[in-house]
Amino acid sequence: MPSATFNHLALEKRTRIRRALLQEFSNYSLEQAQVARIVKNAGIARGAFYKYFDSLTSAYVWLLNDVMNKLNIHYYSIDQHKADEFVMRVTELNQEVQGSEYRDLLVHHYQTNAGVLRESFMTNHRCNDLDHLTSKEWAVMILCHEAFRELLLKETADDDIVQRLRQSLFAILGR
């Protein structure tokens, strides 16, 4: 997560750094990413980068959380939503991401970074309190997440993924 110093930077400078992080992580996996390219693209000193972030990983996790907030990705209560509403949100999210500046970042995340970061991300993520979820809530969350990943990476036809998600959610939620 970023330091207090980063949070107090002028908006223009924070935006420049965020843009450089997005460019780097959209083009390179976390293992291939380089602080040197980020600082060059952001127009900051290498020391400043480490003043703002503990590591490349913490910068990545911050950016990913920021993108998730901007895309409004969060847990939806199963008590208030029906299966079709979850399906609609997943398909809308996929459509939004496909044409956005975040697509390549999320593709890299699912293809390589998610496995590398699993423990670190879940520890630092804003949803680190997932232990309180019921079995149904957890199943719905996992199914929606996996369907979104498949839609993004196009492992099967969109209609097949959406239909499988809908059938699974109806089996779990019964509505």
Partner residues of Q163 under the side chain to side chain contact (heavy atoms under 4.5 Å, CB included) criterion, sequence neighbours left out: R166, Q167
Q23 side, atom CD; L105 side, atom CG - distance, nearest 0.5 Å: 12.5 Å
Steps toward side chain to side chain contact (heavy atoms under 4.5 Å, CB included) verdict (L151, Q98): CA-CA 9 Å; L151 286 166; Q98 289 296 342; 5.6 Å; no
Interatomic distance, L173 atom CG to D84 atom CG [nearest 0.5 angstrom]: 10.5 Å
Listed partners of D66 passing salt bridge (Lys or Arg N to Asp or Glu O under 4.0 Å), at least two apart: R18, K70
With D54 via side chain to side chain contact (heavy atoms under 4.5 Å, CB included) - residues at least two apart: S58
From CZ (R149) to CG (L106), nearest 0.5 Å: 12.5 Å
Atom pair CG/CD of D158 and E150 - distance to nearest 0.5 Å: 10.5 Å
Partner residues of R103 under the salt bridge (Lys or Arg N to Asp or Glu O under 4.0 Å) criterion, sequence neighbours left out: none
Sequence-distant partners of A20, side chain to side chain contact (heavy atoms under 4.5 Å, CB included), two or more places apart: I38, N41, A42
Nearest heavy atoms of H108 and N27, plus distance in Å: NE2-C, 3.5 Å
Check: N94 side chain, V90 main-chain N or O, donor-acceptor pair, under 3.5 Å: no
Straight-line distance of S3 OG to L9 CG, nearest 0.5 Å: 7.5 Å
Which residues share a salt bridge (Lys or Arg N to Asp or Glu O under 4.0 Å) with R37, sequence neighbours left out: E24
Listed partners of E12 passing salt bridge (Lys or Arg N to Asp or Glu O under 4.0 Å), at least two apart: R16
From CA spacing to verdict: side chain to side chain contact (heavy atoms under 4.5 Å, CB included), Y110, H145: CA-CA 11 Å; Y110 284 117; H145 181 267; 3.2 Å; yes
Single-linkage hydrophobic cluster L71~L22, side-chain heavy atoms < 4.5 angstrom: yes
Set of side chain to side chain contact (heavy atoms under 4.5 Å, CB included) partners for Y50, sequence neighbours left out: V35, R46
Sequence neighbours excluded, every pair satisfying ring-ring contact (aromatic ring centres under 6.0 Å, His included) that has a member inside residues 18-49: F25-Y60, F49-F53
Side-chain (H8) to main-chain (A4) donor-acceptor, under 3.5 angstrom: yes
Single-linkage hydrophobic cluster, 4.5 Å side-chain cutoff, M141 and M88 together: no
Closest heavy-atom pair and its distance - I73, R89: N-NH2, 4.3 Å
Exercise: identify the closest heavy-atom pair between S168 and L143: CB-CD1, 3.8 Å
L56 versus A33, closest heavy-atom pair with distance: CD2-O, 3.5 Å
Residues forming a side chain to side chain donor-acceptor pair (under 3.5 Å) with R14, sequence neighbours excluded: none
Distance-minimising heavy-atom pair for A45 and V39: O-CG1, 3.9 Å
Rounded distance (nearest 0.5 Å) linking atom CG of L169 with atom CD of E85: 11.5 Å
H109 side chain reached by L64 side chain, heavy atoms, under 4.5 Å: yes
